[in-house]
There are 2 protein chains.
Amino acid sequence: MKKPEEQFLDYLARKRLKNTSQRMTILSAFLRQKAHLSTEEFYLQLRKEHPGIGYATVHRTLKLFAECGIASERNFGDGQMRFEVSLGNEHHDHLVCTSCGQILEFENQQIEQLQIDVARTHNFIIEDHRLELYGLCSACHTTEQPPVS
Amino acid sequence: MKKPEEQFLDYLARKRLKNTSQRMTILSAFLRQKAHLSTEEFYLQLRKEHPGIGYATVHRTLKLFAECGIASERNFGDGQMRFEVSLGNEHHDHLVCTSCGQILEFENQQIEQLQIDVARTHNFIIEDHRLELYGLCSACHTTEQPPVS
DNA sequence: ACGATATTGAAAACGGATTTCAACTTATAG
DNA sequence: CTATAAGTTGAAATCCGTTTTCAATATCGT
Ligand SMILES: [Zn+2]
Ligand SMILES: [Zn+2]
Ligand SMILES: [Zn+2]
Ligand SMILES: [Zn+2]
């Protein structure tokens with residue numbers, strides 16, 4: 001398995017793109033972040049240490065990561081793009097807590113196989129899939145839940 | 001099973017909302033449309049027969065349908081909200097063709113059960129879920145696929 | 001019919017993603 | 001080490017679907 005840094009530099013070379021200090025700074029920060037941050041959240045984190053880097057650059061660079069396979073773009077229906085490191089991470093799906101926003105990961109090989117079966121019976125070629133379970137995580141439903149309003 | 005019209009009128013009554021001609025027109029058109037139309041697509045259809053109804057009213061009314069259980073809101077990652085009639089339709093998940101945009105429906109009881117198992121092992125209470133398989137439908141991969149570029 | 005309340009449609013506002021553009025940086029060639 | 005071509009940057013502007021605003025209008029209980 002290639003390292004993310006290598007993979008990114010290879011991608012830049014292949015596409016005749018340039019290796020800039022901003023890109024390396026963002027990559028290094030990205031690899032250290034907790035997963036499933038939105039562009040905005042990540043940008044705010046990054047800005048604490050690197051106030052000079054603009055939002056547009058962060059956005060463009062995260063998209064580069066997705067293109068070259070380092071990152072996966074996620075969308076949990078809150079209207080924000082989220083990213084997580086994908087290189088070196090097993091495929092997984094998500095449990096999204098609608099109360100506290102926590103995102104848990106799971107992997108179920110039986111479900112994956114059944115998806116393939118479903119696709120076959122419809123003569124459909126799967127390129128990608130998304131499976132998310134929305135609800136209350138353990139912490140949010142064991143505690144008393146005073147309505148937010 | 002209550003009829004959609006009844007259910008909507010009940011909901012309006014319960015919430016002290018008013019029964020207007022626009023709402024009834026939109027409901028009747030919605031029940032006749034093919035599924036998975038975006039607000040915009042639906043509005044453009046509706047406008048052919050009812051040019052007087054504004055986009056905002058259509059939008060607000062579709063949200064009412066979702067609130068009262070007549071409609072499901074869907075989001076297939078193209079940045080548009082889509083709606084389909086849910087009352088009287090079995091739960092189903094979707095196959096989304098990334099080439100022609102066609103949306104097929106499927107239902108797999110084993111997958112549904114495995115989702116429940118996954119949630120249980122994480123002590124997670126499912127409120128909702130989404131499962132979509134993205135790829136090429138039968139028509140799009142049997143034909144020669146000249147690259148779009 | 002009256003008055004209180006809700007709805008309507010056009011337009012404006014909103015929010016996140018994306019693009020624009022002039023200044024700047026990088027890579028490559030001489 | 002320049003020079004030059006080409007790509008990048010950050011701020012601001014733009015895009016685009018969604019949602020809200022608001023004055024005019026419609027509904028509904030009395
Ligand atoms: Zn999966
Ligand atoms: Zn994840
Ligand atoms: Zn399902
Ligand atoms: Zn459907």
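Order of the sequence lines fixes the chain letters, A, B, ..., with proteins taken first and strands second; residue numbering starts at 1 for each chain.
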By nearest-heavy-atom nucleotide on DNA chain C, the more 5' of B/G54 and B/R16 is B/R16
Item to complete: Would you mind reporting whether A/I26 and A/F42 have side-chain heavy atoms less than 4.5 Å apart?
Response: yes
Considering only heavy side-chain atoms of A/A56, the closest of C/dG9, D/dG17, D/dA12 is D/dA12
Among the nucleotides C/dT26, C/dA17, D/dG10, whichever has the atom closest to the side chain of A/T20 is C/dT26
Quiz item: B/R60 side-chain donor-acceptor pair to C/dG9 base, under 3.5 Å:
yes
**OP:** Would you please say whether a donor-acceptor pair under 3.5 Å links the side chains of A/Q45 and A/Y43?
**Re:** no
From NZ of A/K15 across to C1' of D/dT8 the rounded distance in Å is 16 Å
Between CD1 of A/I53 and P of C/dT25 the distance, given in whole Å, is 14 Å
Looking only at side-chain N and O atoms, does B/E105 offer a donor or acceptor that is under 3.5 Å from a partner on B/H36? yes
Whole-Å distance, B/L9 CG to D/dT27 P, equals 14 Å
Whole-Å distance, A/L64 CG to C/dA17 C1', equals 15 Å
Of the candidates D/dT27, C/dG9, D/dT8, the side chain of A/R23 sits closest to D/dT8
task: Indicate, yes or no, whether a donor-acceptor pair under 3.5 Å links the base of C/dT5 to the side chain of B/K18.
output: yes
In short, A/H122 meets A/V118 closest at the heavy-atom pair ND1-O, 3.0 Å
Is B/Y55 close enough to D/dT18 that one of its side-chain N or O atoms is under 4.0 Å from OP1 or OP2 there?
yes
Item to complete: Please work out if B/K63 contacts a base, only the sugar-phosphate, or nothing of the nucleic acid, heavy-atom cut-off 4.0 Å.
Response: sugar-phosphate
B/R14 atom CZ is separated from D/dC28 atom P, nearest whole Å, by 17 Å
Under a 3.5 Å cutoff, is there a donor and acceptor pairing between the side chains of B/Q80 and B/T39? no
In whole angstroms, the gap separating C1' of C/dG9 from NE2 of B/H59 amounts to 14 Å
Assign each of B/G79 and B/S21 the nucleotide of DNA chain D bearing its closest heavy atom; nearer the 5' end lies the nucleotide of B/G79
When rounded to whole Å, the CG to P distance for the pair B/L17 and C/dT8 reads 10 Å
B/Q22 atom CD is separated from D/dA24 atom P, nearest whole Å, by 18 Å
